[in-house]
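One structure is given below, encoded as structure tokens.
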Amino acid sequence: STPLAYKNLNRTEIENEMIDFKEIITQKNDLKLLINDFEEFAFGMYPVLNEIKRKMYEFGAELSLMSGSGSTMFGLYRDKITVENTQKKFDDYFTYIAEFVD
């Protein structure tokens, strides 16, 4: 649940610099800047989420993250064929392919 996720959020008091998500993914900047602080707690409670993330990378994702407090896992891919092949490997889950539009 979202309240439980926030209750267990383990963040440092260090201020994080605001980043431009669109710029990072379109300019091929360091995707490691994109993190989700909720993942540590959520993956501990639901290890399958970490497995999904690991598989997305294994299947060619440039980035894989949990959205928000855990309603969705998503991956960013450079080409449509790779994402379509990945989607086929997750046939036990609801999947949706969205294209990034400028």
Side-chain angles (χ1 to χ4, degrees):
S1 74
T2 299
L4 183 61
Y6 273 95
K7 181 180 176 187
N8 288 282
L9 185 60
N10 185 16
R11 293 188 77 185
T12 64
E13 295 301 319
I14 299 170
E15 283 190 37
N16 292 321
E17 180 182 333
M18 292 296 292
I19 59 172
D20 184 332
F21 184 81
K22 181 179 175 182
E23 180 183 333
I24 288 173
I25 63 173
T26 58
Q27 301 302 316
K28 300 180 185 173
N29 290 330
D30 189 1
L31 294 177
K32 291 180 178 146
L33 291 173
L34 304 174
I35 61 169
N36 182 329
D37 291 327
F38 288 107
E39 285 186 357
E40 181 181 353
F41 167 71
F43 289 5
M45 294 252 333
Y46 305 100
V48 67
L49 297 174
N50 193 34
E51 182 66 14
I52 291 169
K53 180 175 183 163
R54 187 190 63 73
K55 285 183 178 181
M56 280 198 242
Y57 279 120
E58 181 181 316
F59 300 147
E62 298 286 325
L63 174 72
S64 177
L65 283 174
M66 183 175 78
S67 69
S69 59
S71 62
T72 304
M73 296 294 297
F74 70 93
L76 299 180
Y77 296 81
R78 296 275 178 211
D79 64 87
K80 194 169 184 173
I81 292 173
T82 302
V83 75
E84 287 172 348
N85 288 335
T86 298
Q87 184 181 37
K88 291 174 189 172
K89 294 173 182 174
F90 284 103
D91 58 354
D92 289 345
Y93 298 94
F94 172 78
T95 58
Y96 180 80
I97 297 174
E99 292 187 41
F100 182 75
V101 179
D102 217 358

Exercise for the section: Take Y77 and I97 through the side-chain contact (heavy atoms from CB on, under 4.5 Å) test and state the conclusion after the steps. Expected result: CA-CA 10 Å; Y77 296 81; I97 297 174; over 6 Å; no
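- Sorted by first and then second residue, the side chain to side chain donor-acceptor pair (under 3.5 Å) pairs with a member in residues 50-64 read E39-K53, E51-R54, R54-E58; sequence neighbours excluded.
- Residue pairs meeting the salt bridge (Lys or Arg N to Asp or Glu O under 4.0 Å) criterion with at least one partner in residues 84-98, sequence neighbours excluded, are absent.
- Considering only heavy atoms from C-beta on, F90 comes within 4.5 Å of I52 through its side chain.
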Practice task
In sequence, state the C-alpha distance, the side-chain angles, and the governing distance for L65 and M73, and then conclude on side-chain contact (heavy atoms from CB on, under 4.5 Å).
Solution key: CA-CA 6 Å; L65 283 174; M73 296 294 297; over 6 Å; no
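- Side-chain contact, N85 with T82: no donor N or O sits under 3.5 Å from an acceptor N or O.
- A single hydrophobic cluster is not seen to contain both F74 and Y96; linkage of ILVMFWY side chains at heavy-atom distances under 4.5 Å, directly or through other members, places them apart.
- One hydrophobic cluster, built from ILVMFWY side chains closer than 4.5 Å, cannot hold both I81 and V83; they sit in different ones.
- If you take CZ on F41 and OH on Y46, they are separated by 7.0 Å, rounding to the nearest 0.5 Å.
- A pairwise comparison of heavy atoms in G68 and N36 identifies O-ND2, 2.8 Å as the closest pair.
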